[in-house]
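Have a look at the structure below before the remarks.
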Amino acid sequence: MSTKIAFFDAKEYDIESFENANTGDEFEIKFYETKLSEDTVNLAEGYDAVCVFVNDDVNGNVIDKLASYGVKLVALRCAGYNNVDIEHAFGKIHIVRVPAYSPYAVAEHAMALLLTSIRRIHKAYIRTRDFNFSLNGLTGFDLHGKTVGVVGTGKIGRIFIDICTGFGMNVLAYDKFPNKDFGLNYVDLETIWEQSDIISFHCPLTDETKHMVNVSSIEKMKKGVVLINTSRGALIDSEALLEGIKDRKIGAACLDVYEEESDVFFHDFSGHIVADDTLARLISMPNVIVTSHQAFLTREALANIAETTLANIRQFTVDGRCDNELCYKCEKFGGCPQEHKKLCF
Ligand code: NAI
């Protein structure tokens, strides 16, 4: 019998990659355009698993409803899981994720944003399309010899560090769980704020990291600092960022994520009035580049996401365990090591 999956927040590219990966009759997937939330959770009734992405809201009430419908599994098709109440889920419903699908995709996008921003490529592109070949206002700076602070030295952070090293930059690293084997120059967060010309964020969103960029940390940063966030929007207090830009303290911001992105990103609002004044103001700044949570979007990453998500569901259904299970208890110790080789509860 096929495993029935209710797939939320389905985009054209998701449908294509999952249909390519789902060649047999092992999985029956119903694609819903809508996001999973308290208002839409009833669509999961009668399914074995739900498949969700970064902006689906898997809060306590949604989890209780899913469990009452007999849904056994929430399969995240992403790495981050700040949108899931994993503490509430413990004992009720199992959560699995795709821990790595293409760290290169995200790290390369971070560097693409940085180069675009500091070499004014986005401005030049628009100018030359209008046959304006003036160079006024397009002066950038060399990355070679600059200091980059990298917050989070996991899979993505380390690849970003390799790229920066290739550019001849000095790398300072910060991680809550530093790994001496990586041979990195680990420093404390204060040093990152004070000494970096560029700061790139590659750590998860947790209670501890929420708004780590705030009025007080911005105050400690170098004038003209460039911030890159391809991790999760709420690492940065957007109002504080806006003030830092208006005060000319922050030289540029490259944002692939935004703390209030869930109602805006992934949708076409051209021709509409966007109600989020902070986002509108940020986008209006000449030194802010926003991409809409696009860093993961490569062919390689989409294929890996589809294959790993279906493999997770298969392992859970067939073997009664999953290497990529997430649980509250294991997470407290810095990630679910799955050393027990069985389900977490
Ligand atoms: P990872 O789990 O390999 O690395 C995360 C690192 O952050 C670990 O080394 C961990 O020790 C560190 N960390 C944990 N708590 C910390 C804290 N309080 N302060 C500093 N560091 C801390 O994760 P990976 O794959 O490198 O992904 C990083 C983040 O990138 C994810 O959490 C996710 O939010 C984001 N992401 C964004 C995507 C996008 O399309 N924009 C796509 C994929 C991931």
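Both counts, for ligands and for their atoms, begin at 1 and track the order of listing. Only heavy atoms go into these numbers, but all of them, side chains included; no hydrogens, no water, no symmetry mates.
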Between Arg158 and Phe182, is NZ or CZ placed under 6.0 angstrom from the six-membered ring centre and within 45° of the ring axis? yes
How far is atom 44 (C) of ligand 1 from the closest protein heavy atom, and which atom is that? Ile156 CD1, 3.7 Å
Starting from atom 33 (C) of ligand 1, what is the nearest protein heavy atom, named by residue and atom, and what distance separates them? Arg232 NH1, 3.7 Å
For the aromatic rings, using the six-membered ring if either is Trp, is the centroid distance between Phe7 and Tyr32 under 6.0 Å? no
Out of Asp207, Thr209, Thr230, who is nearest to atom 37 (C) of ligand 1 when you count heavy atoms only? Thr230
Below 3.5 angstrom, do we get any N/O pair linking Asp175 and ligand 1? yes
Would Phe90 and Phe345 count as a close aromatic pair, with their ring centres under 6.0 Å? yes
Of all heavy-atom pairs between Leu343 and Arg321, which one has the smallest distance, and what is that distance? CD2-CA, 3.5 Å
Part of Lys176 with heavy atoms under 4.0 Å of ligand 1, whether side chain, backbone, both or neither: both
Classify the ring geometry between Tyr101 and Phe296 as parallel (under 30°), tilted (30 to 60°) or perpendicular (over 60°). perpendicular
For His202, take its heavy atoms, then give the atoms of ligand 1 lying under 4.0 Å from any of them. 5 (C), 6 (C), 7 (O), 28 (C)
Can you tell me how the ring of Phe316 sits relative to the ring of His94, calling it parallel under 30°, perpendicular over 60° and tilted otherwise? tilted
Which protein non-hydrogen atom lies closest to atom 1 (P) of ligand 1, naming both residue and atom, and how far is it? Lys155 NZ, 3.7 Å
Taking atom 29 (C) of ligand 1 as the point of reference, which of Ser292, Ala79, Gly154, Ser231 owns the nearest heavy atom? Ser231
Would you check if the distance from the ring center of His202 to the ring center of Phe160 is below 6.0 Å? yes
Could you find the nearest protein heavy atom to atom 14 (C) of ligand 1 and give me its residue, atom name and distance? Pro204 CD, 3.5 Å
Ligand 1 and Tyr174, any nitrogen or oxygen pair closer than 3.5 angstrom? no
Can you hop from Ile95 to Val62 via hydrophobic side chains spaced under 4.5 Å? yes
For atom 22 (C) of ligand 1, what's the nearest protein heavy atom and its distance? Cys203 CB, 3.6 Å
If we ignore angles and hydrogens, is there a donor and acceptor under 3.5 Å between the side chains of Asn179 and Tyr186? no
Side chain, backbone, both or neither: which part of Val106 has a heavy atom under 4.0 Å from ligand 1? side chain
Closest to atom 43 (C) of ligand 1 (heavy atoms only, candidates Phe296, Tyr81, Tyr101) is Tyr101
